[in-house]
Amino acid sequence: MADIISYKQVTEEFRSIAQSHMAVKRFQVGATLDIDIQTDEMPFQRFPMVHLTPRTLSMDRFGKTVFGFTFIVADIAKDNDQFLRIDTQNNCAMIAQDIFSKIILTTWADVDLELETPLRGTFFTEAYNNNLSGVSFEINVITKSPFDLCSAAFQ
């Protein structure tokens with residue numbers, strides 16, 4: 001496995017892990033405003049979904065790069081029932097736990113990512129068009145250092 005050192009590689013690894021989860025129907029990267037957009041290009045949104053919003057980037061000269069993301073797992077809370085919202089939020093928290101477990105409990109040899117812990121989430125219910133509910137985390141993903149003059153683009 002090639003080292004994961006770039007933003008694109010990090011998002012692709014999250015895509016791979018999220019889409020391998022049996023409950024996840026969709027994965028996307030972008031602004032949080034993109035979560036519930038229904039347009040001619042995207043007429044039907046599939047849920048539950050995992051969404052990454054990029055936030056920050058930090059490169060440490062001593063061997064690591066940290067990518068900051070907002071990590072959201074969301075689903076539709078059918079109707080506007082309190083118990084259905086609680087069930088939806090619980091299911092989303094369990095999906096997030098599964099994905100985080102896959103990363104945290106797997107060695108560097110299998111997954112070239114680490115997550116800074118503790119991971120703290122915030123439950124939400126948004127009106128949007130469809131009572132979207134779930135859990136949102138601010139996460140920091142640690143990768144190996146990108147500093148390497150052997151593959152740098154210099155003559």
Side-chain angles (χ1 to χ4, degrees), residues 1-58 64-144 146:
M1 165 184 282
D3 289 340
I4 295 175
I5 60 172
S6 74
Y7 165 72
K8 182 176 181 179
Q9 290 170 318
V10 170
T11 60
E12 287 303 314
E13 187 67 18
F14 268 90
R15 177 183 311 280
S16 173
I17 292 169
Q19 289 180 331
S20 69
H21 193 283
M22 293 172 47
V24 174
K25 302 293 185 221
R26 184 168 51 109
F27 175 87
Q28 67 183 39
V29 177
T32 52
L33 295 174
D34 295 338
I35 290 175
D36 194 25
I37 294 175
Q38 191 164 338
T39 65
D40 291 336
E41 292 83 36
M42 293 192 324
F44 177 69
Q45 301 297 315
R46 295 183 54 146
F47 293 96
M49 54 95 51
V50 174
H51 181 88
L52 278 181
T53 299
R55 292 184 298 107
T56 60
L57 171 62
S58 168
K64 71 178 179 181
T65 299
V66 180
F67 295 91
F69 294 96
T70 301
F71 177 91
I72 299 169
V73 181
D75 199 354
I76 304 300
K78 305 292 187 233
D79 302 318
N80 196 12
D81 182 89
Q82 173 186 357
F83 296 108
L84 292 175
R85 281 195 312 273
I86 291 170
D87 285 345
T88 300
Q89 290 170 332
N90 179 70
N91 293 342
C92 290
M94 299 306 292
I95 291 169
Q97 179 180 321
D98 291 347
I99 292 170
F100 295 153
S101 295
K102 174 75 173 168
I103 296 168
I104 291 170
L105 298 177
T106 305
T107 66
W108 273 99
D110 296 319
V111 176
D112 280 344
L113 304 173
E114 284 187 14
L115 291 175
E116 286 184 358
T117 57
L119 298 161
R120 290 186 175 89
T122 303
F123 291 101
F124 68 87
T125 298
E126 300 292 337
Y128 286 106
N129 297 328
N130 52 17
N131 290 324
L132 192 66
S133 291
V135 63
S136 172
F137 293 83
E138 298 299 321
I139 65 170
N140 288 316
V141 180
I142 303 167
T143 66
K144 295 178 181 178

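These numbers were taken from a predicted model, which means no experiment stands behind them.
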In Å, rounded to the nearest 0.5 Å, how long is the span from [atom1] of [X] to [atom2] of [Y]?
X	Y	atom1	atom2	result
Ser136	Ile72	OG	CD1	4.5 Å
Ile103	Glu13	CD1	CD	7.5 Å
His51	Thr32	NE2	OG1	6.0 Å
Ser133	Asn90	OG	CG	12.0 Å
Met49	Arg26	CE	CZ	4.0 Å
Phe67	Phe14	CZ	CZ	11.0 Å

Any side-chain heavy-atom pair from [X] and [Y] closer than 4.5 angstrom?
X	Y	answer
His21	Ile17	no
Ile76	Thr88	no
Pro54	Val29	yes
Thr125	Leu132	no
Val10	Leu113	yes
Pro48	Ile95	yes

Tell me the closest heavy-atom pair linking Phe27 and Ala18, and the distance in Å. CD1-CB, 3.7 Å
Test of understanding: with side chain to side chain contact (heavy atoms under 4.5 Å, CB included), list the residues that count as partners of [X], not counting sequence neighbours.
X	answer
Thr117	Ile104, Leu119
Ala31	Asp34
Leu105	Ser101
Phe123	Gln89, Ala93, Val135

Taking side chain to side chain donor-acceptor pair (under 3.5 Å) as the definition, give me every residue that meets it alongside [X], ordered by chain and number, with sequence neighbours left out.
X	value
Asn91	none
Ser6	Gln9
Glu116	Asn140
Thr70	Glu138

Provide the full list of salt bridge (Lys or Arg N to Asp or Glu O under 4.0 Å) pairs with a residue in residues 15-24, sequence neighbours left out, each pair given once.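 Matches after skipping sequence neighbours: Glu12-Arg15.
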Would you confirm whether Arg46, through its side chain, and Val24, through its main-chain N or O, come within 3.5 Å as a donor-acceptor pair?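 It does not hold such a pair.
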Would you list the pairs meeting ring pair (Phe, Tyr, Trp, His ring centres under 6.0 Å) in which at least one residue belongs to residues 84-104, sequence neighbours left out?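 Listed by first then second residue: Phe71-Phe100, Phe100-Phe137.
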Does Phe69 form a side chain to side chain contact (heavy atoms under 4.5 Å, CB included) with Thr53? I'd like the steps, not just the answer. CA-CA 5 Å; Phe69 294 96; Thr53 299; over 6 Å; no
